[in-house]
Each structure stands twice: as C-alpha cells, then as structure tokens.
**Student:** 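Sharing a structure here in structure tokens format.
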Amino acid sequence: MKRETDTAETVASVGWPARSMPTDFGKLLPLPRAFYDRDPRRVSRDLLGKVLLRRDGRKVLAARVVEVEAYLSNDPAAHSFAGRTDRNAVLWGPPGIAYIYFIYGNHYCFNLSCLPDGVAGGVLFRALEPLVGIEEMARARGLVHADGADLRRLTSGPGRLAEAFGITRARDNGKDLTSAASDLWIADDGSRRPRVRVTTRIGINKAADKPLRYIVPENRFVSGRKAE
DNA sequence: ATATCGATTATCT
DNA sequence: GATAATCGATATG
C-alpha cells in the first residue's frame, strides 16, 4: 500500500500524532449520517482531527480538520436565524449535506448541515492541515510554490480552504457528504483524537460572545495565528 | 506586529 | 441600497 503524501515533511510538519499504518486516503469511507444528526457543538468537537477528502478524476485531496465553528438552531449569528430562504435551505434539510455560501463578493465558505430534517444547524470549516495533493491545492489557490512558510496560506481560513478544494456553490451546495459516490466527503483515518479548545467565533457581530469555535490548539494551521 | 482598507456580488430590506 | 461566518495588500510603529 503506497503512502500518498506528497512529501514526508508534509505529514510530519506540525507534530500530529504519528499514524501506525500508511493511509490510502482515497479509500477512507465517509462518516455516516448519524454522525451529523446531532447538536452542531458535538459535531464540531468530533470533526476536529477528521479528514476532508476531495476526489477530482484520478487525483485525491486530503486535509485534516483543525478549526470549525458551530452554528445552532435559533442562533442570531446563523444564516438560518431569519428563517428558511433559497440560500440557506440546506441548513434546514437533512444532516450531512454541504452548505456553501458566497461572501464579500470574493469567497466561498464550506459548511455542513446538522440536526434532523426540519431543524436548522450547521458547522463552518475554518482551517485544515493539508495532507495530500499539496501541489493541486497550491495551484487552485494561485500560489506557485507551497514552501514551508507558505503552506499555511493554502487552507488556513474558510475562504482559503474552499478555494484550495475547488469548493463552489454551483459545484457542491446540496451535495450529500455521506454518500460513497460523493467526490467530497469526510472520514476518520484512525488518528488519535486531538486536544480541543473552545473560543468565541470569528468575524461575526451577533452572539459574538458565545464559545462556539473549536480548534486544535497546538496546530499551526489554525487561522489568525502567526508562524511559530 | 497591528491597523486599515478595497475588492466585488448574492442576498435580503 | 446595505450588508456580509473573508482575504490580501498597504501603511505605520
């Protein structure tokens, strides 16, 4: 079984707990719908350390989840707060579906729906640690070379990670992340459960004091952090 | 190192 | 017509 990482340095970059077995990331199975059919706070906590995967033809992109935010039902900061609209319909639907929105005229943000059909809730992906497909991510981001210093610029931030994975509303909104046929999914690669720290959310005005941002504190790909 | 600002458009009032 | 779950560039200490 071949190791699919681009460089040895990649996986070892930030001291993530070593895996016992090399992983063929493209073969990892999607997390089941029941995983997402829970409170977004619980889903957020459990998503840290999981792997986001994209299959693009023969290529596979993989990156570890290191920062997310929960958006609850009846949450003033959530897009669903003012009621169901065409844009936010996915949040009100069944759990485990990709919700993509376009923001500031420039960027896409990638979320997934939580809680049962009829109840709005979601999780926003804010930062990933790249594992596989570094060159492809760099190209998608418009960066020539992903050297050590620039690696954080690939997937550290919600707009950045969406761009690195080629995630757009037209392509991915409404996609079932739990389907084995999906080209976008999330999996458990067997790595150890990371430490989790909870902070307030970024870039919002309403309910800005609520502790609903979940990060892996020692990970350098968490957004809004200087190089160490 | 932190602050401020412009880009650019879908969505909602 | 205003706003936005952001980013990158530029300015300033």
Side-chain angles (χ1 to χ4, degrees), chain A residues 36 39-41 43-45 47-48 52 63 65-93 95 97-115 119-130 137-147 149-174 177 186 197-216 220-228:
Chain A
Y36 303 106
D39 186 291
R41 289 168 288 204
V43 176
S44 292
R45 184 176 291 274
L47 275 173
L48 293 183
L52 176 66
V65 182
V66 299
E67 176 183 356
V68 297
E69 284 176 358
Y71 286 85
L72 313 180
S73 63
N74 274 97
D75 177 352
H79 286 178
S80 53
F81 187 64
R84 182 176 188 142
T85 66
D86 285 344
R87 176 172 77 147
N88 68 31
V90 166
L91 291 175
W92 296 86
I97 309 295
Y99 167 55
I100 320 294
Y101 64 87
F102 189 60
I103 192 69
Y104 294 114
N106 283 296
H107 309 287
Y108 290 99
C109 290
F110 170 47
N111 309 246
L112 52 78
S113 60
C114 301
L115 297 170
V119 184
V123 174
L124 166 69
F125 288 79
R126 287 198 53 92
L128 308 171
E129 176 185 352
M137 293 184 209
R139 202 176 311 131
R141 291 275 295 115
L143 305 174
V144 184
H145 261 317
D147 59 55
D150 280 335
L151 215 50
R152 290 182 71 260
R153 292 162 49 82
L154 291 184
T155 53
S156 183
R160 288 168 171 177
L161 72 87
E163 188 170 42
F165 271 68
I167 292 171
T168 67
R169 182 166 171 93
R171 181 180 182 187
D172 298 304
N173 191 58
L177 301 170
I186 299 152
R197 178 177 298 160
V198 188
T199 77
T200 55
R201 294 176 291 188
I202 307 279
I204 60 171
N205 301 298
K206 292 161 287 190
D209 58 325
K210 304 286 184 219
L212 292 171
R213 172 174 176 253
Y214 297 77
I215 66 175
V216 179
R220 65 188 265 257
F221 289 89
V222 170
S223 73
R225 168 178 301 191
K226 297 295 173 189
E228 282 149 34

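Basis for what follows: all heavy atoms, side chains included, without hydrogens, waters or symmetry-related copies. From a predicted model like this one, the values you see are computed outputs, not experimental measurements.
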**Student:** Give a yes or no answer on whether the side chain of A/Arg201 reaches the backbone of A/Ala70 with a donor-acceptor pair at less than 3.5 Å.
**Tutor:**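 Judged by distance alone, yes, a pair lies under 3.5 Å.
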**Student:** Is a donor on one side and an acceptor on the other found under 3.5 Å between the side chain of A/Arg141 and the backbone of A/Leu154?
**Tutor:**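 Here the side-chain-to-backbone pair exists.
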**Student:** Kindly say whether A/Arg126 contributes a backbone atom to a donor-acceptor pair with the side chain of A/Glu69 at under 3.5 angstrom?
**Tutor:**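 Side chain of A/Glu69 to backbone of A/Arg126, a donor-acceptor pair under 3.5 Å: no, none is there.
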**Student:** Toss me the dot-bracket line for DNA chain C: Watson-Crick and G-U wobble, both under 3.5 Å, 5' to 3', using | for pairs to another strand and [ ] for crossers.
**Tutor:** ||||.|||||||.
**Student:** Got a sec: does the CZ of A/Arg197 have more than 12 other heavy atoms crowding it under 6.0 Å?
**Tutor:**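 Open: at most 12 neighbouring heavy atoms sit under 6.0 Å from CZ of A/Arg197.
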**Student:** Is the backbone N or O of A/Ile97 less than 3.5 Å from a side-chain atom of A/Ser113, with the two atoms forming a donor-acceptor pair by type?
**Tutor:**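 Pair found, side chain donor or acceptor close to backbone of A/Ile97.
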**Student:** Report yes if the distance between the aromatic ring centroids of A/Phe110 and A/Tyr108 is under 6.0 Å, otherwise no.
**Tutor:**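 Not under 6.0 Å, so no.
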**Student:** Under 3.5 Å, is there a donor-acceptor pair between the side chain of A/Asp209 and the main chain of A/Thr200?
**Tutor:**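 No, because the side chain of A/Asp209 does not come within donor-acceptor range (under 3.5 Å) of the backbone of A/Thr200.
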**Student:** Using a 4.0 Å heavy-atom cut-off, write out nucleotides 1-13 of chain C from 5' to 3' as B (base contacted by protein), S (sugar-phosphate only) or - (no contact).
**Tutor:** ---BBBSS-----
**Student:** Is there a donor-acceptor contact under 3.5 Å from the side chain of A/Asn88 to the main chain of A/His79?
**Tutor:**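 Yes, the answer is positive, given that a donor and an acceptor are paired below the 3.5 Å cut-off.
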**Student:** Looking at A/Ser223 and A/Ser156, would you say the former's side chain and the latter's main chain have a donor-acceptor pair under 3.5 Å?
**Tutor:**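 Here the side-chain-to-backbone pair does not exist.
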**Student:** Kindly compute the distance separating CD (A/Glu163) from OG1 (A/Thr155), expressed to the nearest 0.5 Å.
**Tutor:**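 Spacing of CD (A/Glu163) from OG1 (A/Thr155) equals 12.0 Å.
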**Student:** Reading DNA chain B 5' to 3', which nucleotide is the first, and which the last, to come under 4.0 Å of any heavy atom in chain A?
**Tutor:**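 Extent of the interface on DNA chain B: B/dA1 to B/dC12.
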